[in-house]
Amino acid sequence: SISNISPPPKNYYSKNLLGSVSKNIGRHNITYGLDYRVMNSGPTEQINAGIFTFNGVFSQQYPTVTSTTAGSDFADLLLGNPSAGQANTAVLLNTYVRYYGGYLQDDIRVNNKLNLNLGLRYEYETGVNEDNNNIVVGFDRTAVNPIASGVPAASGVVPYGVIQFAGINGNPTSCCSPPKTKFGPRFGIAYQVNSKTTLRSGIGIFYAPFVFGTADSEPGFTQ
């Protein structure tokens, strides 16, 4: 191997719209808000110089005669004559995920020494979308594959399985089944021991953002 295959560059960016309201009611400081984001990756292009095989057939004395003592793989490489090879080309992909979040928090001043923080956040992310629907969103195991027309009827074989392309034949435009139960409770406590020492602690459930980008070979859009 002279060089490795590098993944295509990705350009991640997001557009955010946020809003929050805070209000003091007695010992309570209540804050609530909404968070909307569109997280993008693209445009991404499959860039690959290719994979080539050299087997010495072009540098041996008789190319049509198999030999284990004549020819050199490296000599074929220097000549620029591969025996086989492949390289991918693909359409540009502009993928994105929509993110929705909402939260409610109550900061409670119990007394001059003790503060409590109670909160709850809910998050939902849509599946991966593509600007021009150039993605696969599923696989129908029960649909008859189009190659069935070329299968002899007498064989008794019925080929099942069809790739589902986004936005085609009523298919959804986003991939997969994103979870709808991403609730994140939070709890915090602060206690002032004396004028120089305050103890703080907290716990909560947090969710990592949906990991997405582009597959190196999206079926139907890479050749």
Side-chain angles (χ1 to χ4, degrees), residues 5-23 29-48 88-107 116-143 161-189 200-223:
I5 301 174
S6 300
K10 294 180 174 63
N11 177 31
Y12 293 101
Y13 63 97
S14 65
K15 301 174 183 177
N16 305 335
L17 178 63
L18 309 108
S20 64
V21 175
S22 183
K23 186 174 183 178
N29 180 22
I30 299 175
T31 304
Y32 55 91
L34 298 174
D35 186 354
Y36 171 72
R37 310 172 195 172
V38 181
M39 297 176 286
N40 299 264
S41 173
T44 302
E45 181 180 9
Q46 175 70 15
I47 302 175
N48 187 344
N88 294 333
T89 60
V91 299
L92 287 175
L93 291 179
N94 290 276
T95 54
Y96 64 91
V97 170
R98 297 186 188 276
Y99 169 93
Y100 302 88
Y103 60 90
L104 173 65
Q105 180 165 320
D106 186 5
D107 299 322
L116 298 179
N117 310 111
L118 305 177
L120 179 66
R121 184 181 183 92
Y122 176 75
E123 302 178 358
Y124 174 74
E125 292 171 292
T126 64
V128 177
N129 294 260
E130 205 278 331
D131 285 348
N132 299 301
N133 289 338
N134 291 332
I135 58 173
V136 172
V137 295
F139 185 79
D140 189 344
R141 295 177 175 84
T142 62
V162 176
I163 288 178
Q164 296 176 307
F165 294 98
I168 302 297
N169 298 326
N171 296 331
T173 57
S174 62
C175 172
C176 314
S177 301
K180 299 180 180 179
T181 57
K182 297 170 71 172
F183 290 93
R186 280 100 158 106
F187 175 75
I189 184 172
R200 300 178 185 273
S201 180
I203 189 173
I205 297 177
F206 301 85
Y207 298 91
F210 190 88
V211 178
F212 78 103
T214 57
D216 288 336
S217 56
E218 194 66 62
F221 301 100
T222 300
Q223 62 182 0

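Residue indices begin at 1 and follow the sequence shown.
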Exercise. Please confirm whether the backbone N or O of Glu123 pairs with a side-chain atom of Tyr103, one donor and one acceptor, at under 3.5 Å?
Key: no

Quiz item: Relative to Phe206, does Arg186 satisfy both conditions: NZ or CZ under 6.0 angstrom from the six-membered ring centre, and within 45 degrees of the ring's axis?
Solution: yes

Self-check item: Flag, side chain of Ser41 to backbone of Thr95, donor-acceptor distance under 3.5 Å
Solution: no

Practice problem: For Tyr122 and Phe183, work out which heavy atoms get closest and say how close. | Solution: CD1-CE2, 3.5 Å

Quiz item: Under 3.5 Å, is there a donor-acceptor pair between the side chain of Asn129 and the main chain of Gly127?
Solution: yes

Quiz item: Out of curiosity, Ile168 CD1 to Thr173 OG1, how far, rounded to the nearest 0.5 Å?
Solution: 11.0 Å

Quiz item: Would you say the side chain of Phe187 lies within less than 4.5 Å of the side chain of Leu116, judging by non-hydrogen atoms?
Solution: yes

Self-check item: With Arg98 via side-chain hydrogen bond (donor to acceptor under 3.5 Å, both in side chains) - residues at least two apart
Solution: Tyr36

Exercise. Compare all side-chain heavy atoms of Tyr12 with those of Met39 and state whether any distance is below 4.5 angstrom.
Key: no

Exercise. Enter the distance from Asn171:CG to Ile135:CD1 here, rounded to the nearest 0.5 Å.
Key: 11.0 Å

Practice problem: Assess whether atom CG of Asn16 is packed by more than 12 heavy atoms of other residues, nucleotides or ligands within 6.0 Å. | Solution: yes

Practice problem: Flag the pair Cys176 / Val128 as yes when at least one side-chain heavy-atom distance between them is below 4.5 Å, and no otherwise. | Solution: no

Quiz prompt | Where Ser22 and Thr31 come nearest, the two heavy atoms and their spacing | solution = OG-OG1, 3.4 Å

Quiz item: Crowded around Leu18 CG? As in, over 12 foreign heavy atoms under 6.0 Å?
Solution: yes

Quiz item: Distance from Leu93 atom CG to Asn132 atom CG, nearest 0.5 Å?
Solution: 9.0 Å

Practice problem: Quick one: closest heavy-atom pair of Glu125 and Tyr99, and the distance? | Solution: CG-CD1, 3.4 Å

Practice problem: Taking the side chain as every heavy atom from C-beta outward, state whether Val136 and Phe165 have any pair of such atoms under 4.5 Å apart. | Solution: yes

Exercise. Identify the two heavy atoms, one from Leu34 and one from Gly102, that lie closest to each other, and give their separation to 0.1 Å.
Key: CD2-CA, 4.1 Å

Quiz item: Would a 4.5 Å heavy-atom cut-off, applied to side chains only, mark Ile30 and Leu104 as touching?
Solution: yes

Quiz item: Rounded to the nearest 0.5 Å, what separation is found between the CG atom of Asn40 and the NZ atom of Lys15?
Solution: 6.0 Å

Self-check item: Taking every non-hydrogen atom, the tightest pair across Tyr124 and Pro178
Solution: OH-CG, 3.7 Å

Self-check item: Validation row: Tyr96, Arg37 side chains within 4.5 angstrom (heavy atoms)
Solution: no

